[in-house]
Amino acid sequence: MATILITGCGSGFGKLSAVELARRGHRVFASCRTLAAADQLGAETAGRDGIVPLALDVTDQASVDAAMRRIGDAAGAIDVLVNNAGIARLGALEDLDADALRGVMETNFFGALRVTRAVLAGMRTQGEGRIIMVSSLSALVGLPGEGIYAASKAALEAAAESLRYEVDRFGIHVSVVEPGAFDTAMPAKLAAGDAVPAASPYRPLLSYLTARAQRQLGTGDDPQRVATLIADIAETDEPGFRYAAGRQAEQVVQRLRALDESARADFIRGVNDTQWWSAGADRPE
Ligand SMILES: NC(=O)c1ccc[n+]([C@@H]2O[C@H](COP(=O)([O-])OP(=O)(O)OC[C@H]3O[C@@H](n4cnc5c(N)ncnc54)[C@H](OP(=O)(O)O)[C@@H]3O)[C@@H](O)[C@H]2O)c1
């Protein structure tokens, strides 16, 4: 039985993953952005073993610190962290104001990094751990109207890849899940659209994208598929690094990927000759 922390469990993949991992016998700290959402999750999962709802806003250091103290007191070190919390904004990079741009980065990138940094010392001390980043197909393909979301997920994946080679020596595995289109609350939030400035030259593009997103509501994959994948990665002996999830992601990734994952790992470790670090060997002369 592992001790698992998942962020963003108020809905979608987070909530489903918490239920799936608890069903498999793990102790899941299912964190939600607000206390109200945590209470709601507690009411919905009452009587189910293994789920401990708690409040954790990934953009708020004090909230992360409080959640870590609570988990530390109750269970000690965390074995698996699932960085799932995320938000999306549809909008042209020129139109979105600075707060909107920063807000996406604060949640999707700095938020995930904040929680990750908070669990690493415990994982290093126990000599094992798993960090699963819920990224997006958008990290690989920057679509118009999704620039800041794509940038936040690409930043998350870039950091995850570096982290992987920093912490492998300590027995910590880092994985990235790249869902395509899934029927959670997120596509509906996107399809609701952001207010586009009246004078925006991008209005036709944004109204087209919003209408298209509305038409496509309900046509995504079943989000349980991602919850099952996350639980499988949490449990497998040797997790891989990148996992495409769903029909859309699998098709696109197949086309995009020039190098397979093991060739890429060998290549990256070779660039700065750091194979010795990952192998747990002493620094060469
Ligand atoms: N659905 C898809 O097709 C799709 C595709 C690719 C990637 N993803 C990624 O999958 C992850 C989960 O999304 P989802 O599809 O399950 O959508 P969702 O139902 O909207 O879930 C996102 C969750 O993140 C929470 N959250 C937002 N800001 C937070 C913060 N500051 N601190 C803690 N929690 C926060 C939300 O809580 P509130 O509701 O209280 O704000 C919500 O419960 C996200 O990272 C998303 O980018 C989704």
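Remember, it's 1-based here, ligands and their atoms both numbered in the order they're listed.
If you number the atoms of ligand 1 from 1 as listed, the ones under 4.0 Å from a heavy atom of Leu56 come out as 32 (N), 33 (C). The ligand atoms of ligand 1 that sit less than 4.0 angstrom from a heavy atom of Thr59 are 31 (N). Within ligand 1, counting atoms from 1 as listed, the ones closer than 4.0 Å to a heavy atom of Ala181 are 3 (O). Under a 4.0 Å criterion applied to the non-hydrogen atoms of Gly10, ligand 1 contributes the atoms 43 (O). Residue Ala185 approaches ligand 1 through these ligand atoms, each under 4.0 Å from one of its heavy atoms: 19 (O). Counting atoms of ligand 1 from 1 in the listed order, those under 4.0 Å from a heavy atom of Gly12 are 16 (O), 19 (O).
Between the choices Asn83, Val134, Val115, Leu190, the shortest heavy-atom distance to atom 9 (C) of ligand 1 belongs to Val134.
A salt bridge links Arg247 with Asp221: the closest approach of a Lys/Arg side-chain nitrogen to an acidic carboxylate oxygen falls below 4.0 angstrom. Salt bridge absent: Arg89 and Glu106 never bring a charged side-chain N and a carboxylate O closer than 4.0 Å. A salt bridge is defined here as a Lys NZ or Arg NE, NH1 or NH2 lying under 4.0 Å from an Asp or Glu carboxylate O, and Glu20 with Arg23 meets this definition. The pair Glu157-Arg242 meets the salt-bridge criterion, with a side-chain N (NZ, NE, NH1 or NH2) lying under 4.0 Å from an Asp/Glu carboxylate O. A salt bridge does not link Glu178 to Lys153: none of the charged nitrogens lies less than 4.0 Å from a carboxylate oxygen. A salt bridge links Asp232 with Arg24; the closest basic N to acidic carboxylate O contact falls under 4.0 Å.
For atom 5 (C) of ligand 1, the nearest non-hydrogen atom of the protein is Gly180 O, 2.9 Å. Shortest contact from atom 22 (C) of ligand 1 to any protein heavy atom: Gly86 O, 3.7 Å. Ranking protein heavy atoms by distance to atom 16 (O) of ligand 1, first place goes to Phe13 N, 2.8 Å. Summary of contacts: the protein heavy atom closest to atom 14 (P) of ligand 1 is Thr184 OG1, 3.4 Å. In terms of protein heavy atoms, atom 47 (O) of ligand 1 is closest to Tyr149 OH, 2.6 Å. The nearest protein atom to atom 39 (O) of ligand 1, hydrogens excluded, is given as Lys189 NZ, 3.8 Å; this is a heavy-atom distance. Here the heavy atom of the protein found nearest to atom 29 (C) of ligand 1 is Arg33 CD, 3.4 Å. Ranking the protein heavy atoms by distance from atom 11 (C) of ligand 1 puts Asn84 O, 3.1 Å first.
Shortest non-hydrogen contact noted between Gly246 and Phe182 is CA-CZ, 3.6 Å. Summarising the geometry of Val58 relative to Arg114, their closest heavy-atom pair is O-NH1, 2.7 Å, with the distance given to 0.1 Å.
Inside a 4.0 Å radius of atom 36 (C) of ligand 1 there is not any protein heavy atom.
Both the backbone and the side chain of Val58 come within contact range of ligand 1, each with a heavy atom under 4.0 Å. Contacts between Ser11 and ligand 1 below 4.0 angstrom, taking non-hydrogen atoms only, involve backbone and side chain alike. When heavy-atom distances to ligand 1 are checked against a 4.0 Å cut-off, Asp57 comes that close through both its backbone and its side chain. With a 4.0 Å heavy-atom cut-off, ligand 1 is reached by the backbone of Ser135 but not by any atom from C-beta on. Contacts with ligand 1 closer than 4.0 Å are made by no heavy atom of Glu178, backbone or side chain.
A 6.0 Å sphere centred on CG of Asp49 holds no more than 12 heavy atoms belonging to other residues, nucleotides or ligands.
Atoms CG and OG1, on Leu205 and Thr210 in that order, are 9.0 Å from each other to the nearest 0.5 Å. Once rounded to the nearest 0.5 Å, the distance linking NE2 of His173 with CD1 of Ile131 reads 11.0 Å. Here the OG1 atom belonging to Thr219 is positioned 6.5 Å from the CG atom belonging to Asp183, to the nearest 0.5 angstrom.
Backbone and side-chain nitrogen or oxygen atoms of Ile87 are examined, and none is located within less than 3.5 angstrom of a nitrogen or oxygen of ligand 1.
Checked by atom type and distance alone, the side chain of Asp57 never pairs as donor or acceptor with a backbone atom of Val64 at under 3.5 Å.
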